[in-house]
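I have placed the structure first, in the form of structure tokens, so that the comments after it can refer back to it.
From a predicted model like this one, the values you see are computed outputs, not experimental measurements. Each residue takes its place number in the sequence, starting with 1. For ligands, and for the atoms within them, numbers begin at 1 and follow the listed sequence.
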Amino acid sequence: MSEEVKSESLSLCAVSMAATREPELICIFGTGDLGRSLGQRLLQTGYRVVYGSRRPHSCGPLPSGTQAMSHEAAAKSASLVFICVHREHYDFLEALAPQLQGKVLVDVSNNLKKNLYPEANAEYLQRLIPEAHVVKAFNTLSAWALQNGPSDASRQVYLCGNGAEAKQTVEETATKLGFTIVDRGSLSAARELEDFPLQLFPQWRLPMYLPIGLTAAFFFYLVMRDVVYAYVTQGKDVSFRIMISIANKVFPIVSLILLSLCYLPGVIAAFLQLYRGTKYKRFPDWLDHWMLCRKQLGLLALALASLHVLYTLIIPIRYYVRYRISAITISQIKENKTSVFDTTMAWRTDSYYSMGVLGFGLYLLLGISSLPSVSNALSWREFSFIQSKLGYLTLFFCTFHTYLYGWDKFLHLSAYKWYTPPGYMLSLVVPSVVLVLRLLLFLPCLDRSLTRIRQGWERMDPEDDSKKTLLT
Ligand code: NAP
């Protein structure tokens, strides 16, 4: 037989073997929510699935094509076993140690509280069956996410374990299921992984405290100035203003401050780099943390700006507004008076609304482009153009909108009730500082230096000998 014919027949043989090879069999202990979802997903990916159950004949409907049997029989049939059972029931596994010897056991369990047990569930499992290779994985996914397949919020499978081969096996399975792997090292990391699902919005904690604190502080400030002041000085009850008027002042104020707080750390970082003359020194931790929560701050700012828009839209249907308009109209009719058209006022109000609409439109664009599905479709340059350039433009429009709202109010003494400045004035402090600092960075001397620093240039310190020798 010629070499060519030989290799052709060999490859044909390999193809036919692959075609007849049975799909890999995976065992799942536990026919509960997670066991069923995982089984369903494994089947869809082409695996065969067998369940180990206490009641193999009465464990309810299972994904079609799977089989339920006793734990012993199921354990013997597969080399990869998912333990989809709560930790408090693990003791039955000790008796199965001979059948589970040498097998890869995937611990998917979570606890209701942190530090409920002295050791991590996966370490406990490893202690019960020392001859097995325990891998902690899949515990950060819900049964729902497993059934529906990976989505942006649950694309990653965190994994840890002591055996490299065992981890490799689980990694391959997770990858086939469509997940990406984050290897957290040895089994001693299991407790950390078990604590992940217990965290509630960990990245949102600081960004949430800030708007809550600011909202409460401004709400109190404005109630004192607008409601209590009127009651104390004129005996007028205008407490109804709390529901819409004050809410519609507090939300834009906090929104604008939050938006400017998204851009302030970037400006501080730029000045810090200019001052240090290098980009290779770490920023202080507080600045790092601040920069990391800019996305959350921005989204909360957008949420508050949206509330401001909604509150503004309902102004014409408010009883108080309708009452005031008709009262003014009737009094003008009675007095046979007409008000003169004020072009300056028309310009002012139109510009004020226009800035608000443009600012909110760009606000929405910033929010949409921060969605992972959108940002993934953008190049880094496009993303930073939207978030940085258009972001500053948004801040400018919103700040200008607020300046137009204030117009010349700051000239009138009556605006300073109890010697306090109006809320809008306070809201302008941080954004104005950010915009001025940003404008300063546009100065050619600063801009040029910053660009060079960001390209890796370092200012030489005449007293720093170590750097001198390094650079000569
Ligand atoms: P589940 O619906 O309560 O199912 C647990 C299964 O364990 C039962 O269906 C039962 O299966 C088996 N079982 C119950 N008592 C047992 C005992 N005394 N001895 C032996 N087996 C027993 O729970 P689950 O929601 O599927 O969760 C299973 C594990 O996955 C838990 O450790 C949980 O922390 C983890 N997890 C769940 C989710 C989720 O979204 N549900 C997400 C991540 C991690 P048989 O009757 O067939 O024996």
For [atom], tell me which residue out of [options] has the closest non-hydrogen atom.
| atom | options | result |
| --- | --- | --- |
| atom 33 (C) of ligand 1 | E194, H86, H89, Q147 | H86 |
| atom 16 (C) of ligand 1 | E88, R55, R36, R54 | R54 |
| atom 44 (C) of ligand 1 | V108, V85, I83, L38 | V108 |

Could you say whether the N/O atoms of [X] and ligand 1 ever approach to under 3.5 Å?
| X | result |
| --- | --- |
| G32 | yes |
| D33 | yes |
| S53 | yes |
| H71 | no |
| S142 | no |
| G30 | no |

Nearest non-hydrogen protein atom, atom 38 (C) of ligand 1: L34 CD1, 3.6 Å
Protein contact to atom 39 (C) of ligand 1 [nearest heavy atom, distance to 0.1 Å]: A143 N, 3.7 Å
Lys/Arg-Asp/Glu bridge criterion (N-O < 4.0 Å) met for K136, D107: yes
Pair R48 + E24: basic N to acidic O under 4.0 Å: no
With no hydrogens and no angle check, do the side chains of [X] and [Y] hold a donor and an acceptor under 3.5 Å apart?
| X | Y | result |
| --- | --- | --- |
| N139 | N110 | yes |
| Y263 | S388 | no |
| Y117 | E119 | no |
| Q273 | R454 | yes |

Within reach of ligand 1, part of N110 (heavy-atom separation under 4.0 Å): both
Check: F218 and L426 side chains under 4.5 Å, non-hydrogen atoms: yes
Aromatic contact, F138 with F82 (centres under 6.0 Å):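 Close enough - the centres of the two rings lie under 6.0 Å apart.
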Relative to the heavy atoms of [X], which atoms of ligand 1 are at a distance of less than 4.0 Å?
| X | result |
| --- | --- |
| F92 | 19 (N), 20 (C) |
| C84 | 5 (C), 6 (C), 7 (O), 28 (C), 29 (C) |
| T31 | 9 (O), 11 (O), 45 (P), 46 (O), 47 (O) |
| S109 | 32 (O), 34 (O), 35 (C) |

Aromatic F179 / basic R155 pairing, under 6.0 angstrom, 45° off normal: no
Chi angles and distances behind the side chain to side chain contact (heavy atoms under 4.5 Å, CB included) call for Y47, R41: CA-CA 9 Å; Y47 288 100; R41 187 106 199 103; over 6 Å; no
Side chain to side chain contact (heavy atoms under 4.5 Å, CB included) evaluation trace for F396 with R438: CA-CA 11 Å; F396 169 75; R438 186 68 194 100; over 6 Å; no
Test item, L141 contacting ligand 1 (heavy atom, 4.0 angstrom): yes
